[in-house]
Asker: 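Here it is: the structure, laid out below.
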Amino acid sequence: HRGSLKPACSCANTTAQQSRCCPWSCGLEARNERRSSQSRSSCELLPPAAAAFLLGNDILTAPEFVAGIADFKGIKRRLDKLTNTSSVPCFEGFGSSDAKAKSAIAAIKLHFPSKRLVVVFEPHTFSWRNRSTIHWYDHTFDEVDTMLVYHPAEQGANTHDQVTHAEIMERLSRAGAAAVAAATKEDVMAWLAKTAQKDDVVLILTSGPMDGLVSDIPVWLDSHFSH
C-alpha cells in the first residue's frame, strides 16, 4: 500500500536507534530488544513538549491540537512508499546528508533483509557536491548492492569548491561501491530497465526533484512489476 515505511521521528539518532523507539506505519515492528534511553526519551517527550508549547502560547486550542495529532501523517520524503502495485517497492529517502542517507539505507535493510537494495542517488545539497566532504562517499553506501548516481545539481556551483560527477564516481569506485553514472533522465530509466529485478527494493535518495525522476521511477515500476 502507499504510505511511509515509518512515521517521522524528530530525534537526531541513527535509524537503528529510531527503530527501537518509533512505531512503523506499515505494521512493521522494530526487531530489537535493546532500546536506547536517549532515543526513547527524545521521541516520547516530543508530543507533550509540542503540546505544552502550542497550548501554553495560545497558538492552538486543545481540540485543535487533538484533531491535528489525529490527522498527522508524518513528514513527507522520509521513506515514503512511492509505488502502488509494484512487487518491487520503491521508497524515497531525504538524502540531504551522509547521516540521513545512512539512516534511510539502514531502515530499508532492516525491513527488507532478503531483497537486493537498488539506490538511485542525486548529489543535490552543497555538502554532497563539496570537495571538503567528498569523504562522505567512502562509507555511506557500504550496504547498497547496486546504485546509480545522477549528475550533481548545479545550483550555486560557482559559490563553493564543487566536485565533478567524474570525481564522485572515482571516489565511489575506490570505496568499492557498485555504482554507475547517469547524465540524463533517459539514462536513468534505461539503466533501471536493465537492472531492476523482481526481488529488488528501490530507494531514491535526494533532497531535490531529480528532474521528475522521483515521480517517474515509481510509475515505471508499477507498470513493469505490477502484482
Side-chain angles (χ1 to χ4, degrees), residues 1-8 15 19 24-29 71-96 100-125 128 140-155 165 168-169 172 177-227:
H1 65 281
R2 197 174 183 89
S4 297
L5 186 62
K6 65 178 181 62
T15 297
S19 67
W24 298 80
S25 66
C26 286
L28 302 170
E29 296 182 356
D71 191 53
F72 181 63
K73 296 179 176 62
I75 299 173
K76 295 291 186 182
R77 311 191 78 177
R78 300 311 196 269
L79 291 185
D80 291 357
K81 186 180 180 187
L82 303 179
T83 44
N84 290 308
T85 60
S86 174
S87 60
V88 177
C90 177
F91 295 89
E92 181 189 9
F94 195 67
S96 60
K100 290 184 175 66
K102 286 178 181 177
S103 292
I105 291 166
I108 296 295
K109 296 296 287 187
L110 174 68
H111 291 288
F112 301 97
S114 63
K115 287 185 176 291
R116 188 178 69 144
L117 175 54
V118 178
V119 166
V120 180
F121 169 69
E122 179 189 31
H124 188 261
T125 58
W128 279 117
T140 299
F141 304 100
D142 285 352
E143 299 301 314
V144 173
D145 295 299
T146 187
M147 67 181 292
L148 176 141
V149 182
Y150 199 43
H151 67 81
E154 294 294 333
Q155 75 273 11
H165 202 176
I168 291 172
M169 299 309 299
L172 284 168
V180 301
T184 67
K185 291 178 59 174
E186 292 73 23
D187 290 342
V188 174
M189 300 310 296
W191 174 83
L192 189 66
K194 180 177 66 175
T195 303
Q197 302 173 10
K198 62 183 178 66
D199 293 322
D200 290 345
V201 55
V202 176
L203 174 63
I204 299 173
L205 285 173
T206 182
S207 55
M210 204 187 287
D211 294 332
L213 286 165
V214 174
S215 300
D216 294 345
I217 289 172
V219 168
W220 185 90
L221 290 171
D222 276 340
S223 67
H224 286 75
F225 293 96
S226 185
H227 290 294

Asker: Any side-chain heavy atom of Trp128 within less than 4.5 Å of one from Ser207?
Answerer: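 Trp128 vs Ser207: side chains apart.
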Asker: How long is the straight-line distance from CD1 of Ile217 back to CG of Leu192, given to the nearest 0.5 Å?
Answerer: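 Between Leu192 CG and Ile217 CD1, I get 6.0 Å after rounding to 0.5 Å.
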Asker: Determine yes or no for a side-chain-to-main-chain donor-acceptor pair under 3.5 angstrom, with His165 supplying the side chain and Val149 the backbone.
Answerer: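 Yes; judged by distance alone, with no hydrogens or angles, the pair exists.
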Asker: Over all heavy atoms of both residues, which pair between Lys198 and Lys115 is shortest? Give the atoms and the distance, please.
Answerer: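 Nearest heavy atoms, Lys198 then Lys115: O-NZ, 4.4 Å.
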Asker: Output the distance between atom CD1 (Ile105) and atom CE (Met147), rounded to the nearest 0.5 Å.
Answerer: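 So the CD1 of Ile105 and the CE of Met147 are separated by 7.5 Å.
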Asker: Determine whether a donor-acceptor pair (N or O, by modelled atom type, separation under 3.5 Å) exists between the side chain of Lys185 and the backbone of Gly212.
Answerer: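 It does not hold such a pair.
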Asker: For Asp145, what residues pass the side chain to side chain donor-acceptor pair (under 3.5 Å) criterion, not counting sequence neighbours?
Answerer: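 Partners of Asp145 under the side chain to side chain donor-acceptor pair (under 3.5 Å) test: none.
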Asker: Of Asp187, Leu205, Val188, which is the lone residue that meets side chain to side chain contact (heavy atoms under 4.5 Å, CB included) with Tyr150?
Answerer: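 Result for side chain to side chain contact (heavy atoms under 4.5 Å, CB included) with Tyr150: Val188.
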Asker: Who pairs with Glu186 by side-chain contact (heavy atoms from CB on, under 4.5 Å), at least two apart in sequence or on another chain?
Answerer: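 side-chain contact (heavy atoms from CB on, under 4.5 Å) check on Glu186 returns Thr184.
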Asker: Do Leu203 and Leu117 come close enough that some side-chain heavy atom pair is under 4.5 Å?
Answerer: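 Yes; the side chains approach each other to less than 4.5 Å.
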Asker: With a 4.5 Å limit on heavy-atom distance, are the side chains of Leu172 and Phe121 in contact?
Answerer: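 The answer is no, as the side chains (C-beta and beyond) never meet within the 4.5 Å cut-off.
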Asker: side-chain contact (heavy atoms from CB on, under 4.5 Å) with His224: which residues, sequence neighbours excluded?
Answerer: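 With sequence neighbours excluded, His224 shows a side-chain contact (heavy atoms from CB on, under 4.5 Å) to Trp220, given in chain and number order.
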Asker: Is the shortest side-chain heavy-atom distance between Glu92 and Thr206 below 4.5 Å?
Answerer: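 Result yes, sub-4.5 Å side-chain heavy-atom pair found.
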Asker: Is there side-chain contact between Val120 and Leu213, with heavy atoms separated by less than 4.5 Å?
Answerer: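 Side chain of Val120 against side chain of Leu213, heavy atoms only: no contact under 4.5 Å found.
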Asker: Would the distance check show the side chain of Thr83 and the main-chain N or O of Pro89 forming a donor-acceptor pair, the cut-off being under 3.5 Å?
Answerer: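 Looks like no, no N/O pair under 3.5 Å.
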Asker: Got a sec, which residues hit side chain to side chain donor-acceptor pair (under 3.5 Å) with Asp199, two or more places apart in sequence or on another chain?
Answerer: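 Checked Asp199 against side chain to side chain donor-acceptor pair (under 3.5 Å); zero matches.
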Asker: Can you give me the closest heavy-atom contact between Ser86 and Asp222, atom names plus distance?
Answerer: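 For Ser86 and Asp222, the tightest heavy-atom pair comes out as N-OD1, 2.9 Å.
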Asker: Could you tell me whether the side chain of Asp200 and the main chain of Val88 form a donor-acceptor pair under 3.5 Å?
Answerer: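 Such a contact is absent between Asp200 side chain and Val88 backbone.
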Asker: Counting C-beta onward and ignoring hydrogens, is there a side-chain heavy-atom pair between Leu82 and Leu221 closer than 4.5 Å?
Answerer: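 Leu82 does not reach Leu221 side chain to side chain.
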Asker: Go through the structure and list residues passing side-chain contact (heavy atoms from CB on, under 4.5 Å) with Val180, not counting sequence neighbours.
Answerer: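 Partners of Val180 under the side-chain contact (heavy atoms from CB on, under 4.5 Å) test: Leu148, Trp191.
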Asker: Contact between Met210 and His124 at the side-chain level, heavy atoms closer than 4.5 Å - yes or no?
Answerer: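 Heavy-atom side-chain distance check fails, nothing below 4.5 Å.
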Asker: So do Glu122 and Val214 actually touch side chain to side chain, heavy atoms under 4.5 Å?
Answerer: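 Not in contact.
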Asker: Ser215: which residues meet the side-chain contact (heavy atoms from CB on, under 4.5 Å) condition with it, sequence neighbours left out?
Answerer: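 Residues passing side-chain contact (heavy atoms from CB on, under 4.5 Å) with Ser215: none at all.
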